[in-house]
*Asks:* 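Here it is, the structure in full.
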Amino acid sequence: MFWRGRKGGGGERPPEEPQQPAPGGPPAGGDGPVGPRFSGAVGDLTPDAALDLLRAGNRAFLSGEGVLAQVSARDLAMVQGAQHPFAVVVACADSRTPPTLLFNQGLGRLFIVRVAGNTVDRRGLASIVYAVKYLKCPLVVVLGHTGCGAVAAAQAVVEGRAELDPALEEMVTPIIPAVLQARARGAADLADASVEENARRVAERLRTAETALAEALAAGRLKIVPAVKNIHTGEVSFFG
Ligand SMILES: [Zn+2]
């Protein structure tokens, strides 16, 4: 593991997280998505309860009831000892898709991995494993979005409308299989279908990519859910 080595390794817990709340213990603070506080731990949640919290947060964002404007530096006091996020969100780097806003969650709530096209490389995977194995996150959401430029670039390459820019190869190449699969299905809207297929494929890969994730899934401690955000409305649709 990447945090081992400097002191000879050996510890199961990474040194930067020395004070995690005890399993089953009281939450360190926070009142859910519509309470007066929006930062800090919400306590130990089942995967389905964590998903419900994201759904509720997205509804608050959509209805204009999001209150992240109330989150300020004073909230840091609620998370300075440790973090206990209830969800990992693998999201696109697109400036219109910030998970904290879309799900109305303040400090300490979401563990976010963002890269254009919401794909996962080895570093991203290690980050996800860290959040699940050591921070005990019960939920991983792979969040694509309609109108994704990275997916559009992959689609343009597949359709022969553009050459693959070598500088963007690491971003575009992992998405191409999703476009091919969506096209093979005869999708009416290849752009939207490719976005959904990409999120589904990344989620599926995560299910088998690392033993720690597979074990948590098998034990019912984890769900991995693909999702797509509508770029126009902000609504997030979950698939699973
Ligand atoms: Zn995107």
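The analysis underlying the following values was restricted to heavy atoms, covering all of them including side chains, and did not include hydrogens, waters or symmetry mates. Everything numeric in this text was worked out from a predicted model, so none of it was measured. Both ligands and their constituent atoms are indexed starting at 1 by order of listing.
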*Asks:* Are more than 12 heavy atoms from other residues, nucleotides or ligands located less than 6.0 Å from atom CZ of R161?
*Replies:* yes

*Asks:* For F86, what residues pass the ring-ring contact (aromatic ring centres under 6.0 Å, His included) criterion, not counting sequence neighbours?
*Replies:* none

*Asks:* Tell me, yes or no, whether the heavy-atom count around R123 atom CZ, taken from other residues, nucleotides or ligands under 6.0 Å, exceeds 12.
*Replies:* no

*Asks:* By residue and atom, what protein N/O/S atoms are less than 2.8 Å from the Zn ion (ligand 1)?
*Replies:* C92 SG, H145 NE2, C148 SG

*Asks:* Excluding sequence neighbours, so at least two apart, what forms side-chain hydrogen bond (donor to acceptor under 3.5 Å, both in side chains) with R200?
*Replies:* E196

*Asks:* Would one find more than 12 heavy atoms of other residues, nucleotides or ligands at under 6.0 Å from atom CD of E159?
*Replies:* yes

*Asks:* A162: what forms a side chain to side chain contact (heavy atoms under 4.5 Å, CB included) with it, not counting sequence neighbours?
*Replies:* A156

